[in-house]
Protein chains: 2
Amino acid sequence: MLIGEVARRSGVAAKTLRYYEDIGLIERPSRDASGYRDFGESVLGCLAFIRSARAVGLTLGEIRGIVALHDDGKVPCGHVLELLRSRAAEVDETIRQLRELKADLDRLVEQAVTFDPADCDPDRICHLLGRP
Amino acid sequence: MLIGEVARRSGVAAKTLRYYEDIGLIERPSRDASGYRDFGESVLGCLAFIRSARAVGLTLGEIRGIVALHDDGKVPCGHVLELLRSRAAEVDETIRQLRELKADLDRLVEQAVTFDPADCDPDRICHLLGRP
DNA sequence: CTTGACCTTCCCGCACACTGGAACCCTTAG
DNA sequence: CTAAGGGTTCCAGTGTGCGGGAAGGTCAAG
């Protein structure tokens, strides 16, 4: 399978496929007589895996770690579970921070709508933000 | 005030101050006889403003927009309110997406802990991720 | 024989907000 | 005189995941 077909069937750009190959995320495909990459069907499953892993926020580096375990003949379950858990914790923490941020923003907007611009202190950039 | 003192008093690195000057975020300070930057006190208020604006997630580009309005002698309240509202909407949307992601992650972790590695399909990178 | 659609490698650029380092100047103290 | 501790400019790199485009080889159809 040429790279263009892989791209069409997987939805992953040819450029990206070469990039994934460069960073060791997918197997180096064999080449045909003209030097064209000749992918096997299995790359599609691998790309589906990568897509799912990306979708839950794993980085390409983390995914490469999983793939490397798999290529070593090991079952990466434990490692994957660990990654999923730490990713879940990260997401939780991010949500927490964003909620705080949202509360701050809401407070600022609340102040903003009930404020008379005439009260502005010309020495400050903007009364709405600045000194807490 | 030399750049080092501004850095100490504001907590913003000297490098960052030069960068802010480069991108037009803070006023170009005058120079002393040796070519050293000579900042006025007002830069501290400006940096406090920038810090607050960064804290609610505004980009340096957006902040520059506010500062530019202020430097034009305009009251940036309305513009700031608009930015705060659209930022609040962004944060909300991000939280929503992260909550979905978290649910996905929790589901995957749930599956992972109740899974027997012996059931692995060797053709797949990992049963936990891959085909949905 | 030419056209057009493929493929190849290689290098640069982006977004964002800095940060590091080199090479050099100025000032003050010992 | 020298060393320490400021300051200056400019260039380049960080992380992340690609995308653009040049310059060229290959292949099938018309």
Side-chain angles (χ1 to χ4, degrees), chain A residues 1-26 28-40 43 46-67 83 86-87 90-91 94 101, chain B residues 1-40 43 46-67 83 86-87 90-91 94 97 101:
Chain A
M1 208 183 344
L2 294 184
I3 198 168
E5 193 183 339
V6 176
R8 267 190 305 279
R9 290 175 60 183
S10 67
V12 176
K15 274 270 184 191
T16 304
L17 292 170
R18 295 195 191 96
Y19 173 66
Y20 283 177
E21 184 188 329
D22 280 348
I23 64 170
L25 201 49
I26 57 178
R28 241 162 231 298
S30 51
R31 303 293 184 120
D32 70 12
S34 331
Y36 290 10
R37 287 172 180 80
D38 182 20
F39 289 92
V43 75
C46 188
L47 289 170
F49 171 76
I50 293 171
R51 178 189 297 260
S52 304
R54 293 278 302 135
V56 296
L58 299 188
T59 66
L60 296 185
E62 288 167 333
I63 299 170
R64 180 170 42 195
I66 301 174
V67 174
L83 284 174
S86 86
R87 178 70 188 132
E90 271 174 39
V91 171
T94 305
L101 177 56
Chain B
M1 207 179 350
L2 295 184
I3 199 169
E5 194 183 339
V6 176
R8 266 191 306 280
R9 289 176 61 183
S10 68
V12 176
K15 273 272 185 192
T16 304
L17 292 170
R18 295 194 192 96
Y19 173 67
Y20 283 177
E21 184 188 330
D22 280 348
I23 64 172
L25 200 51
I26 57 178
E27 245 182 325
R28 242 162 231 298
S30 52
R31 302 294 182 119
D32 70 12
S34 329
Y36 290 9
R37 287 170 181 81
D38 182 19
F39 290 92
V43 75
C46 187
L47 290 170
F49 171 75
I50 294 171
R51 179 189 296 260
S52 304
R54 291 281 299 134
V56 296
L58 299 188
T59 66
L60 295 185
E62 287 166 334
I63 299 170
R64 182 168 44 194
I66 301 174
V67 174
L83 285 174
S86 86
R87 178 69 187 134
E90 271 175 38
V91 170
T94 304
Q97 286 174 8
L101 177 57

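Hydrogens, waters and symmetry mates are skipped; everything else that's a heavy atom, side chains included, is used. The shown structure was predicted, so the numbers you read here are calculated from the model rather than taken from an experiment.
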Pairwise 5' ranking along DNA chain D for Ala14(B) and Thr16(A), keeping only the more 5' one: Ala14(B)
If only side-chain N and O atoms of [X] are considered, is one of them under 4.0 Å from the OP1 or OP2 phosphate oxygen of [N]?
X	N	answer
Tyr20(A)	dG17(D)	no
Arg18(A)	dC11(C)	no
Arg31(B)	dT9(D)	yes
Ser34(B)	dT8(D)	no

Need one value for [X]: base, sugar-phosphate or nothing, where a base atom within 4.0 Å counts as base even if backbone is also close, heavy atoms only.
X	value
Arg37(A)	sugar-phosphate
Ala13(A)	sugar-phosphate
Arg54(B)	sugar-phosphate
Ile23(B)	nothing

To the nearest angstrom, how far is [X] atom [atom1] from [N] atom [atom2]?
X	N	atom1	atom2	answer
Asp38(A)	dC7(C)	CG	P	12 Å
Arg51(A)	dG17(D)	CZ	C1'	15 Å
Tyr19(B)	dT8(D)	OH	P	18 Å
Lys15(B)	dA17(C)	NZ	C1'	13 Å
Tyr36(B)	dT9(D)	OH	P	11 Å
Glu5(A)	dC7(C)	CD	P	9 Å
Leu60(A)	dT16(D)	CG	P	9 Å
Leu17(B)	dT9(D)	CG	C1'	16 Å

Looking at side-chain heavy atoms only, is the closest gap between [X] and [Y] below 4.5 Å?
X	Y	result
Val91(A)	Val56(A)	no
Leu47(A)	Val6(A)	yes
Leu25(B)	Tyr19(B)	no

Glu62(B)/Arg87(B) salt bridge by N-O under 4.0 Å criterion: no
Minimum heavy-atom distance between Ala13(A) and Ala7(A), given as atom pair plus value: C-CB, 4.3 Å
